[in-house]
There are 2 protein chains.
Amino acid sequence: MKSNHKGGIAIMKEKNKRNVLRCVKENGPISRSEVADQLHLSKPTVSALVEELLQENWLKEVGPGSAGLAGGRKPIQLVFNSRAAHVIGIDMGGTKVRTGICDLIGQPLAVDEFPTQTQKKTLLKALKQNVDKLLKNAALKPDDILGMGIGAPGMTDADRGVVIDAPSLSWSQYPLKKEAEALFPWPVMVDNDVNVAVLGEQWLGAAKGMKHVVLISIGTGVGCGMLINGQLYRGATWAAGEIGYMVTDMAKARSADLPPPHEGYGFLEQYVGGAGIVQSMKQEMKGQPEPLFPNNFSAKDVFQKAKDGDQAAVRVIDEVIDHIGFAVANMISIINPEVVLLGGGISRSADWFLPRIQKTIQDFASVSAPVLPTALGENLGVVGAVSLVLRETESVLKEL
Amino acid sequence: MKSNHKGGIAIMKEKNKRNVLRCVKENGPISRSEVADQLHLSKPTVSALVEELLQENWLKEVGPGSAGLAGGRKPIQLVFNSRAAHVIGIDMGGTKVRTGICDLIGQPLAVDEFPTQTQKKTLLKALKQNVDKLLKNAALKPDDILGMGIGAPGMTDADRGVVIDAPSLSWSQYPLKKEAEALFPWPVMVDNDVNVAVLGEQWLGAAKGMKHVVLISIGTGVGCGMLINGQLYRGATWAAGEIGYMVTDMAKARSADLPPPHEGYGFLEQYVGGAGIVQSMKQEMKGQPEPLFPNNFSAKDVFQKAKDGDQAAVRVIDEVIDHIGFAVANMISIINPEVVLLGGGISRSADWFLPRIQKTIQDFASVSAPVLPTALGENLGVVGAVSLVLRETESVLKEL
DNA sequence: TGGTTAGTTAGTAAAGATGCCTAACTTAGC
DNA sequence: GCTAAGTTAGGCATCTTTACTAACTAACCA
């Protein structure tokens with residue numbers, strides 16, 4: 001048994017080992033020798049650590065590569081075993097829950113979804129069933145699972161795994177991590193859906209490998225996840241990124257023809273969120289004799305009408321895009337990110353309005369930054385949740 | 001000679017040593033035994049490290065404390081030697097340069113200032129002279145100096161120590177670190193003045209010990225420094241915190257009666273910066289028969305008139321404060337800091353307008369945060385620059 | 001063409017250095 | 001004698017260096 005060196009030397013070995021693992025993972029097939037060079041470790045040390053990693057199945061040898069130009073022994077190529085473990089990602093939305101099992105490089109082996117239940121108990125039961133099915137589909141056993149990540153649609157205390165407030169699910173102070181861990185035999189991590197999304201995009205999407213990323217998600221509500229110095233930034237009280245409350249028009253904010261703030265929606269949200277768009281459209285239609293829409297319509301419908309050229313809809317959407325443009329410009333001036341990603345329902349129409357947003361940035365922001373739609377599509381939440389688990393698990397290797 | 005263990009075991013010893021040092025520094029007089037307990041290190045290890053730290057003069061023994069209730073040998077009390085080294089801090093402003101020498105706990109031993117020269121060469125020469133004087137006044141030799149920090153009024157590449165752009169000094173791509181290090185026999189670190197200020201306030205001022213801090217400085221220009229996860233956040237291209245470009249009123253931003261953006265000033269800056277206030281006041285005075293001010297007046301004068309109750313001035317200042325309120329509210333919604341500090345010339349009038357800003361936050365921000373004036377007064381820049389050096393020097397001990 | 005030799009690189013083994021821990025001891029006060 | 005602070009001695013884990021073997025290329029020569 002290992003001695004209980006608390007602040008001890010064993011930590012360093014663990015660190016070196018993780019570094020070796022990461023080095024192999026990132027640099028594809030690579031020899032022990034080259035790993036030693038890259039990590040500034042001696043060859044024997046690397047050999048010993050690789051030996052352990054092979055034993056533990058994190059690495060595989062894939063036969064000899066080719067020798068260098070100047071001759072010499074052929075190197076033994078090492079590769080990361082992306083199937084050494086698997087991670088489950090859960091994207092818990094207001095209307096549906098998307099689930100998936102991924103390997104260690106984020107490849108989905110099985111995905112599924114089911115409608116969100118309003119009762120917490122039934123929701124968890126459905127989740128359990130669904131995950132069991134997923135395991136069967138992927139031909140995996142619980143032992144193969146390293147952990148499970150969950151993206152929840154609301155403010156979340158990621159340390160304790162408590163969803164502090166999720167209006168769309170009527171959750172408040174719900175200890176999701178604890179409840180889920182009672183149901184599953186692996187560790188569970190929970191975070192805000194937007195935070196999870198930005199992790200996913202930084203791992204495998206449009207912000208791959210970047211250190212400073214802002215993701216703005218515009219759908220029913222408006223949210224924003226930030227990656228700063230390569231780390232998720234969650235704020236002092238888990239409330240960072242509430243861009244939905246950004247005021248881009250003081251005069252309007254102060255005027256009386258808007259509902260008072262703090263009834264669950266912020267200023268920007270009132271303009272660019274789904275409900276806000278519908279509201280504005282209704283307002284716009286008042287002056288017109290013939291209703292453009294039936295009684296029930298969605299923001300998506302308004303977008304469609306605007307694309308089709310209807311003037312009233314265009315006016316509404318133009319204002320939405322204008323607000324988004326200024327919100328993005330403000331974020332760029334404050335955060336100076338490498339990239340701004342636009343996600344949520346609105347990202348489907350990205351091509352259409354991105355140029356206008358870019359113009360606003362160019363005119364009003366202090367510096368520039370590319371604005372792109374998210375790249376991971378419908379699996380974004382799942383992949384992000386998987387990334388959450390992997391980062392937390394490997395968090396020891398944060399420093400070089 | 002030490003073997004060149006690169007990724008080696010020596011790093012851990014260094015870390016433990018720094019932890020011991022920090023432990024003694026933070027926990028006042030303390031015995032070896034208690035340090036061992038707190039850091040989960042063994043007594044012999046602590047003794048050895050303390051021995052080295054005593055040799056190197058970082059620690060001092062201050063005679064025996066009192067024995068415990070149950071008897072036993074009296075502990076030997078250790079204290080941090082705050083005079084083991086000294087650091088020079090330079091606050092380089094647009095009109096004057098403030099200099100100071102501090103000990104390791106931020107106590108100023110000598111401070112001074114001199115007018116800013118427009119010529120770089122003469123400025124550096126004056127700096128050299130002034131620092132030499134400072135050393136003499138503090139009765140120190142160059143060997144006693146650990147390093148020098150400089151806060152520069154503009155966008156700064158802190159890695160290379162290059163001031164990228166400082167309009168008030170007409171500097172562009174100026175390698176200040178390199179130039180200064182040619183003049184002085186110690187390492188020099190350079191950063192933005194607002195970044196330096198937030199470090200200072202977090203060290204010894206109004207944000208002591210906090211991990212998430214926003215400092216907004218409003219004077220000639222408008223700047224913002226952010227401490228996130230306990231670390232300075234500088235952005236992808238050293239441009240983070242350009243709050244002067246935040247747009248809080250889209251309609252006005254688009255209207256034609258303002259100068260076009262990107263002539264060196266951002267939207268918010270045009271309203272709340274010194275020049276902007278003067279401009280607004282002039283605009284306001286046009287309608288009035290009798291001029292309130294002589295031809296030349298400053299933002300400070302306008303503030304004074306407003307405090308005295310002049311209606312035109314009050315209108316101008318009210319708008320300024322309104323803009324600031326929304327800017328602060330937006331920052332809080334986005335960053336969710338533990339505290340927002342207000343610095344720069346405007347902080348003198350803090351008492352007067354803080355309540356209104358707080359009202360705006362309460363009405364429009366997603367969460368709350370205290371808003372306070374900076375606490376370090378005229379030495380803020382100097383102390384912050386000292387802090388910059390100390391953090392960089394001790395950066396190894398960032399993790400617990 | 002085919003064999004031999006020199007040079008180069010991958011990986012392993014043994015020995016030395018460093019730093020931590022535990023256990024036992026000394027010191028100093030009750 | 002009891003207790004707690006601090007030191008000494010011995011052992012263990014980890015890394016590095018040095019020296020080695022294995023394996024391959026290139027070039028030379030019969």
Side-chain angles (χ1 to χ4, degrees), chain A residues 1-20 23-24 27 29-55 59 61-78 396, chain B residues 1-20 23-24 27 29-55 59 61-78 396:
Chain A
M1 170 163 287
K2 268 180 188 170
S3 64
N4 56 344
H5 290 206
K6 253 276 175 67
I9 217 164
I11 284 177
M12 193 180 46
K13 179 181 179 182
E14 199 60 24
K15 208 166 89 178
N16 282 334
K17 194 163 157 183
R18 283 176 197 276
N19 275 344
V20 169
C23 182
V24 175
N27 302 303
I30 188 175
S31 69
R32 288 165 174 76
S33 202
E34 200 177 335
V35 171
D37 276 1
Q38 286 204 18
L39 299 183
H40 303 289
L41 289 169
S42 68
K43 291 196 284 176
T45 301
V46 171
S47 283
L49 295 174
V50 164
E51 186 52 37
E52 287 184 31
L53 289 166
L54 285 170
Q55 289 289 323
L59 293 183
E61 292 184 336
V62 289
S66 55
L69 291 165
R73 175 175 168 179
K74 278 181 183 167
I76 303 170
Q77 302 283 40
L78 300 166
V396 184
Chain B
M1 169 165 287
K2 266 181 186 167
S3 63
N4 54 346
H5 290 205
K6 255 281 177 64
I9 217 163
I11 284 177
M12 193 180 47
K13 181 184 179 182
E14 200 59 25
K15 207 164 91 179
N16 282 333
K17 194 162 157 185
R18 283 177 196 275
N19 275 344
V20 169
C23 183
V24 175
N27 301 303
I30 188 175
S31 70
R32 290 165 172 78
S33 204
E34 200 177 333
V35 171
D37 277 0
Q38 286 203 18
L39 299 183
H40 303 287
L41 290 169
S42 69
K43 291 196 285 175
T45 301
V46 171
S47 282
L49 295 175
V50 164
E51 185 52 38
E52 287 185 30
L53 289 166
L54 285 170
Q55 290 289 323
L59 294 183
E61 293 184 336
V62 289
S66 55
L69 291 165
R73 174 174 170 179
K74 277 182 183 166
I76 304 169
Q77 302 283 42
L78 301 166
V396 184

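Every chain is numbered from 1, with letters handed out A, B, ... down the list of sequences. Predicted model only: the values in this text are computed from it and were never measured.
Across all strands shown, A:Thr45 has heavy atoms under 4.0 Å from base atoms, whether or not it also approaches the sugar-phosphate. Among the protein residues, B:Ser42 comes within range of the nucleic acid bases, having at least one heavy atom under 4.0 Å from a base atom.
Less than 4.0 Å separates DNA chain C from no heavy atom of any residue of residues 47-55 of chain B.
Atom-to-atom, CD1 of A:Ile30 to P of C:dG11 comes out at 10 Å; the value is rounded to the nearest Å. Computed from coordinates, the A:Ile76 CD1 to D:dT21 P distance equals 18 Å when rounded to whole Å. The distance from atom NZ of B:Lys13 to atom C1' of C:dA17 is 12 Å, rounded to the nearest whole Å. Following rounding to the nearest Å, A:Asn19 (CG) and D:dT14 (P) show an atom-to-atom distance of 16 Å. Rounded to an integer number of Å, the gap from A:Lys17 NZ to D:dC15 C1' is 16 Å. Rounded to whole Å, atom P of D:dT14 lies 15 Å from atom NZ of A:Lys15.
In terms of the side-chain hydrogen bond (donor to acceptor under 3.5 Å, both in side chains) criterion, residue partners of B:Gln38 (sequence neighbours excluded) are, by chain and number, B:Asn27. B:Ser42 meets the side-chain hydrogen bond (donor to acceptor under 3.5 Å, both in side chains) test with B:Thr45; sequence neighbours excluded.
Applying the salt bridge (Lys or Arg N to Asp or Glu O under 4.0 Å) test to residues at least two apart or on different chains, the pairs with a partner in residues 29-50 of chain B are B:Arg32-B:Glu61.
Among all heavy-atom pairs drawn from A:Leu54 and A:Leu59, the shortest one is CD2-O, 3.4 Å. The shortest non-hydrogen separation linking A:Leu78 to A:Val24 is O-CG1, 3.7 Å.
Closest contact between the side chain of B:Arg73 and the listed nucleotides C:dT27, D:dT18, C:dT22 involves C:dT27. Among the nucleotides D:dG6, D:dT14, C:dA10, the one closest to the side chain of B:Ser31 is D:dG6. Side-chain proximity of B:Arg32 to the nucleotides C:dC21, C:dT12, D:dT7 is greatest for D:dT7.
Within the 4.5 Å cutoff, the side chain of B:Val50 has no heavy atoms near those of the B:Val35 side chain.
Side-chain N/O atoms of B:Lys43 and base N/O atoms of D:dG6 include a donor-acceptor pair closer than 3.5 Å.
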From CA spacing to verdict: side chain to side chain contact (heavy atoms under 4.5 Å, CB included), B:Leu49, B:Asn16: CA-CA 8 Å; B:Leu49 295 175; B:Asn16 282 333; 3.7 Å; yes
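Remark: B:Asn16 is in phosphate contact with C:dC20, judged by side-chain N or O atoms under 4.0 Å from OP1 or OP2.
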